Amino acid sequence: NGDSESGDSGGGSDKLAELQESGTINVGFANEPPYAYQDSDSGELEGAAIDIATAVFEEMGIENVEGHLTDWGELIPGVQAGQYDVITAGMAILPDRCENALFAEPEMQYGEGLVVAAGNPHDIHSYADIADNPDVTVALMEGTTQFDFLDQEGVDPSQIMSVGDIPGQLSAVQSGNADVTAATEATLRAAYESLDSEDVEIVEDFEQPDIEGIPSFGAAAFNLEDEGLREAYNEALATLKEDGTIDGILDDSEGFTADNNRVEVDGMTTEQLCAGE
Ligand SMILES: CC1=N[C@H](C(=O)O)[C@@H](O)CN1
């Protein structure tokens, strides 16, 4: 609808002024290393999406980042309801999400992965292998891109078990309630390492599916009314892309490699991604 596009830039600017005045930005995230999480020992907000947002807001004159932990599936409803100002979770820009949140420009790109029981008893190496075996159950985190990806690959909805968070995905496989779990590769590597269990393994020869939405492009996402705030964020983000700050953050972040997480490589824009191009 045209209203939020054209009519609210004034409101967005007021919001920016308010935030600069208060010096605090409230960010919504789901616990998902290495994108955004709260360190269990220090209580600090960590992760590439948090670090990028922190640098961008600092560039905008907002120094204090306050985290609001929520389930992944509640992130967009939460920003719509005004529970926080922005989602900083490395959320993929998708056409249907663009109708419910205002995405800034891409900050990172990422691909997919799978975790199975040790020894890979069902011989699963791709999404297609899940579709080909109706006895296989796959655990997914509520609200994630993986529902759409598996659907595109022909996985039957009856094979899918929905869980609320990443630890739930791995424990579903560990306990045998699910045969496999799908998430971003970086997510699964981090979760696998922290689980430190011999019951499960990463599918090392997983092939990235050649379907719409892969690779994913992750970005900060604002309330639909905060157009001015998003524009200010994009401007500051562009400055930090140009001066190498964003590259430096991704280089320093565990789980992101120079090869596969450079948005400049593809030059995709949010406008294109929201239009499904
Ligand atoms: C960083 C991340 N991206 C995907 C998504 O955007 O739905 C999901 O895999 C959840 N986590």
Side-chain angles (χ1 to χ4, degrees), residues 27-38 45-53 67 69-79 86-115 127 130 138-153 155 160-170 172 180-192 194 202-203 206 208-209 211-222 249-250 253-257 260-261 263 268 270 273-274 276:
V27 306
F29 70 104
N31 252 340
E32 187 177 10
Y35 298 89
Y37 60 102
Q38 189 155 25
L45 293 180
E46 309 264 1
I50 295 278
D51 290 348
I52 290 171
L69 176 64
T70 185
D71 283 348
W72 184 272
E74 295 302 318
L75 284 169
I76 289 183
V79 81
V86 58
I87 300 165
T88 57
M91 185 176 275
I93 304 165
L94 298 176
D96 59 335
R97 288 179 176 168
C98 294
E99 290 178 17
N100 296 310
L102 212 50
F103 282 86
E105 289 304 311
E107 299 174 352
M108 55 176 68
Q109 82 180 57
Y110 50 82
E112 298 296 296
L114 291 176
V115 161
Y127 289 167
I130 302 174
V138 53
L140 300 183
M141 181 164 69
E142 193 78 50
T144 56
T145 44
Q146 283 77 31
F147 283 84
D148 174 51
F149 296 158
L150 290 173
D151 179 58
Q152 285 188 58
E153 289 284 271
V155 173
I160 295 174
M161 173 187 170
S162 193
V163 300
D165 56 22
I166 307 284
Q169 289 188 254
L170 267 76
V180 54
T181 190
T184 91
E185 185 191 352
T187 306
L188 291 176
R189 288 203 184 276
Y192 173 75
S194 78
I202 304 239
V203 176
F206 176 72
Q208 295 300 320
I211 55 176
E212 220 177 295
I214 298 177
S216 297
F217 292 85
F222 296 87
I249 290 171
L250 290 170
S253 165
E254 264 174 62
F256 293 92
T257 64
N260 66 8
N261 288 291
V263 291
M268 291 299 285
T270 296
L273 291 159
C274 287

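Whatever order the structure lists ligands and atoms in, that order sets their numbers, starting from 1. No hydrogens, no waters, no symmetry mates; every other heavy atom, side chains included, goes into these values. Treat the numbers as computed from the prediction; the structure is a model and nothing was measured.
The distance from ligand 1 to the heavy atoms of Gln146 drops below 4.0 Å at these ligand atoms: 8 (C), 9 (O). Proximity to Tyr110 (heavy-atom distance under 4.0 Å) selects the following atoms of ligand 1: 1 (C), 2 (C), 3 (N), 4 (C), 6 (O). The Thr144 neighbourhood of ligand 1 comprises atoms 7 (O), 8 (C), 10 (C), with distances under 4.0 Å to a heavy atom of that residue. If you number the atoms of ligand 1 from 1 as listed, the ones under 4.0 Å from a heavy atom of Thr145 come out as 4 (C), 5 (C), 6 (O), 7 (O), 8 (C), 9 (O). Of all atoms in ligand 1, listed by their number and element, those nearer than 4.0 Å to a heavy atom of Tyr35 are 1 (C). Counting atoms of ligand 1 from 1 in the listed order, those under 4.0 Å from a heavy atom of Thr184 are 2 (C), 3 (N), 9 (O).
Using a distance-only test at 3.5 Å, with no hydrogens or angles considered, no donor-acceptor pair links the side chain of Tyr37 to the main chain of Phe29. Between the Thr88 side chain and the Ala49 main chain, no donor and acceptor come within less than 3.5 Å of each other.
Annotation: atom 5 (C) of ligand 1 to nearest protein heavy atom, Trp72 CZ2, 3.3 Å. The protein heavy atom nearest to atom 11 (N) of ligand 1 is Glu32 OE1, 2.8 Å.
Distances from ligand 1 to the non-hydrogen atoms of Thr187 include no value under 4.0 Å. Distances shorter than 4.0 angstrom occur between a heavy atom of Ala89 and an atom of ligand 1.
Inclusion of Arg97 in the set of residues having an N or O under 3.5 Å from an N or O of ligand 1 is warranted. Considering backbone and side-chain N/O of Ala92, one or more are found under 3.5 Å from N/O of ligand 1.
Of all the heavy atoms in Leu140 and Gln169, the pair that sits closest is CA-NE2, 4.0 Å.
With hydrogens and angles left out, the side-chain atoms of Gln152 and Asp148 include a donor and acceptor closer than 3.5 Å. Residues Tyr35 and Thr184 bring a donor and an acceptor atom of their side chains to less than 3.5 Å of each other.
The number of heavy atoms from other shown groups lying within 6.0 Å of CD (Glu212) does not exceed 12.
No close placement of the Phe103 and Phe222 rings is indicated, their centers lying 6.0 Å or farther apart.
With respect to Trp72, the side-chain contact (heavy atoms from CB on, under 4.5 Å) criterion is satisfied by exactly one of Ile87, Thr144, Asn31: Thr144.
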